[in-house]
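The structure appears right after this line, and notes come after that.
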Amino acid sequence: MLKIKGGQEISWEVQISWSKNASLPIIAASLLVGKVVLNNVPRIGDVFTFLEIIKSLNIQVEFVWNTLKIDSTKMNLDNPNDELIKKIRVGILLIPSILNKFGEVNIPYPGWCNIGKRPIDEHIKWFKAIWYEDLSKWENVHLKWKTKSWNIELNAGFAVTATENLIIANILREWKTTINLAAIEPHVINLIDFFNKAWAHISISYNHKIEIIWVRDLSENIEFDIIHDYIESGTFVIFGALTSKNYLDINNARINDLSCFLEKCREAWVKMEDLWNDKLRVYRSENLKAVKFQTNIFPGFPTDLQSPFAILLTQADGISKIQEIMFEWRLNYLVEIEKMKWHPAMLNPHEALIFGKTKLNASTVSSWDLRAWVAMIIAWLIAAWDTHITNVEYIKRWYEDIIGKMKNLGVIIEDVETLK
Ligand code: EPZ
């Protein structure tokens, strides 16, 4: 358990880690390229779990610092670790790689974190469209190659992992695949860059259309760099605005990926300066103004930054409004945060009003939505007095050394055995 001292200020500079949501699909895609070296892979819980899963498929893995070597030349399905596959959502990204290599996959229904029902109907629908037979029973995803298919048009409904799965599934499938309404999040683009570096032919156009011209083989080995994490960067913008002594410099801030989010921050009167070389300076911003915002697909306002932005709006004058359109349970943390003597109005599962400016009182709260978890750390830093944080391991699933970064920024965080 950790104890965070309330009313603290942070300073001066933070280095953003690399993207969880880019690393995971690219690790899955690496199973189609014999030997791969991935640079800038974050050392986080979900990556370690995913590596344990692929090791159970007889894949050689070497992970030193942030460099990951993967050798899938001896991959087999003798002994997949079903228990781990059930634990994390990204188990779903294994399906197309296994289908490509073995023509059949039979794995447990992947796990998820409770921000919504997170169905995979879109994924299954399109695997069937490219002629895989769906033999799934309720607790398993079981697909089997049925027959050859030709030029095909698919529609990903802007779903992120569904788009990633359709890219991986069609990279070696004869002939041309067109994915309409594709997700174009930065991590999807990073996956496309990975495959194109491995001799694939994938093009993407502004209207969310991805075109894949099949190739007989991908290169046998490549080295590739993962991008920095724009969601972590956006989270530190909120840290900087609410808790910096004077300002916080964010290195590798992925400013271009955050345009809609930063526009909303400016609308709320967060003071920022775009320095050179993708460095963003965020000033302590006292007189914040209430705004309304709606989460959306990229390049709209990221749902993964909804909860940190909500904490910012607790310190803004006036009534703000959140519309969370991506996930039906992603406002649930608001109920938990009421313990800090702050009372948002939940209008329905997708809409809430935030009454600012509010004094947050510390209280031991926890959230099962990892992004809301980080938002709560910001709330505790501005809260009047100390807070105890339980199940810290949980947050390390998605954030590389977040506690270490907080300490480097001057935050007093103590490891305490039990509540005193
Ligand atoms: C990805 O999840 C991210 N996860 C999520 O980040 C992110 O919140 C989400 O995209 C939206 O940007 C990873 O990349 C590993 P979706 P994903 O499929 O792909 C519905 C984080 O915080 N849908 O785009 O699972 C679905 O229910 C995580 O890092 C179907 O109905 O999200 C949701 O309402 C959390 N049927 C909407 O689409 C399907 O078959 C968007 O979900 C698939 C999705």
Side-chain angles (χ1 to χ4, degrees), residues 10 115 185-186 230-244 246-248 250 253-274 280-338 340-360 367 369 371-383:
I10 63 169
I115 56 177
E185 269 69 0
Y230 73 112
I231 299 296
E232 185 186 325
S233 170
T235 308
F236 274 102
V237 169
I238 307 297
F239 270 108
L242 291 178
T243 67
S244 65
N246 176 354
Y247 63 79
L248 176 69
I250 303 174
R254 304 287 303 180
I255 295 169
N256 294 338
D257 294 340
L258 287 168
S259 48
C260 179
F261 167 77
L262 294 175
E263 197 41 47
K264 270 292 162 194
C265 288
R266 286 192 187 90
E267 196 186 320
W269 288 354
V270 171
K271 297 195 300 287
M272 293 177 283
E273 205 182 333
D274 184 342
L280 185 66
R281 175 164 292 174
V282 183
Y283 293 93
R284 177 69 173 262
S285 307
E286 302 289 2
N287 309 315
L288 294 166
K289 184 167 81 62
V291 297
K292 65 179 187 172
F293 74 103
Q294 175 184 310
T295 62
N296 216 324
I297 60 171
F298 189 87
F301 192 108
T303 170
D304 304 342
L305 286 172
Q306 176 254 106
S307 44
F309 195 68
I311 299 297
L312 180 93
L313 297 177
T314 65
Q315 303 309 301
D317 288 323
I319 302 175
S320 298
K321 183 173 185 183
I322 310 181
Q323 286 171 299
E324 169 54 70
I325 68 163
M326 303 298 288
F327 293 103
E328 60 277 28
W329 302 337
R330 201 155 211 182
L331 289 177
N332 287 5
Y333 70 96
L334 293 175
V335 180
E336 181 68 15
I337 230 170
E338 289 225 29
M340 300 182 83
K341 307 279 178 289
W342 162 59
H343 306 294
M346 286 282 270
L347 305 177
N348 57 59
H350 290 284
E351 289 182 314
L353 296 179
I354 300 204
F355 306 100
K357 174 176 183 151
T358 307
K359 193 164 156 319
L360 295 178
S367 164
D369 168 356
R371 303 296 179 189
W373 231 100
V374 173
M376 287 178 190
I377 291 188
I378 304 172
W380 293 319
L381 278 181
I382 56 179

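- Between Asp317 and Lys289, none of the side-chain N atoms (NZ, or NE/NH1/NH2) sits under 4.0 Å from a carboxylate O, so this pair counts as no salt bridge.
- Annotation: side chain of Leu280 is in contact with side chain of Leu262 (closest heavy-atom distance under 4.5 Å).
- Tyr333 and Ala310 make their closest contact through OH-CB, 3.2 Å (heavy atoms, listed as atom of the first residue, atom of the second, distance).
- Summarising the geometry of Pro302 relative to Phe261, their closest heavy-atom pair is CD-CB, 4.1 Å, with the distance given to 0.1 Å.
- Closest approach of Leu258 to Ala253, counting heavy atoms only: CD1-O, 3.5 Å.
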Trace of the side chain to side chain contact (heavy atoms under 4.5 Å, CB included) decision for Val282 with Phe236
CA-CA 9 Å; Val282 183; Phe236 274 102; over 6 Å; no
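- Identified under the salt bridge (Lys or Arg N to Asp or Glu O under 4.0 Å) test for residues 290-301, with sequence neighbours left out: none.
- In this view, Lys271 satisfies the salt bridge (charged side-chain N to carboxylate O under 4.0 Å, His left out) rule with no residue, not counting sequence neighbours.
- Atoms CG and CG, from Leu288 and Leu313 in turn, are 8.0 Å apart once rounded to the nearest 0.5 Å.
- Thr314 places none of its side-chain heavy atoms less than 4.5 Å from the side chain of Leu312.
- Minimum heavy-atom separation, Val237 to Cys265: CG1-SG, 4.1 Å.
- Looking at Thr295, its side chain does come within 3.5 Å of a backbone N or O of Ile325 through a donor-acceptor pair.
- For Thr243 (side chain) and Gly240 (main-chain N/O), no donor-acceptor pair under 3.5 Å exists by modelled atom type.
- Judged as a salt bridge (charged side-chain N to carboxylate O under 4.0 Å, His left out), and not counting sequence neighbours, the contacts of Arg284 are Glu9, Glu286.
- Note on ring orientation: taking the six-membered ring where Trp is involved, the planes of Phe293 and Phe301 are tilted (angle from 30° to 60°).
- Taking Glu263 as the reference, nothing meets the side chain to side chain donor-acceptor pair (under 3.5 Å) condition, with sequence neighbours excluded.
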Sequence neighbours left out, cut at 3.5 Å: what donor-acceptor pairs do the side chains of residues 344-357 make with other protein atoms?
| residue | atom | partner | partner atom | Å |
| --- | --- | --- | --- | --- |
| Asn348 | OD1 | His350 | N | 2.7 |
| Asn348 | OD1 | Glu351 | N | 2.8 |
| Asn348 | ND2 | Glu351 | OE1 | 2.8 |
| His350 | ND1 | Glu324 | O | 2.6 |
| Glu351 | OE2 | Lys321 | NZ | 3.3 |
| Glu351 | OE2 | Gln323 | NE2 | 3.0 |

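- Put simply, NZ on Lys264 and OG on Ser320 are 9.5 Å apart, with the number rounded to the nearest 0.5 Å.
- In plain terms, the two heavy atoms of Ala290 and Gly318 that are nearest each other are CB-C, 3.5 Å.
- Side-chain contact check for Phe298 versus Pro186: some heavy-atom pair is nearer than 4.5 Å.
- Checked against salt bridge (charged side-chain N to carboxylate O under 4.0 Å, His left out), Glu232 has the following partners two or more places apart in sequence or in another chain: Lys405.
- The main-chain N or O of Ser233 is never found under 3.5 Å from a side-chain atom of Thr235 such that the two would form a donor-acceptor pair.
- The minimum heavy-atom distance linking Ala375 with Ile311 is given by the pair O-CG1, 3.5 Å.
- Between the CG atom of Leu331 and the CD1 atom of Ile115 there is a distance of 11.0 Å, given to the nearest 0.5 Å.
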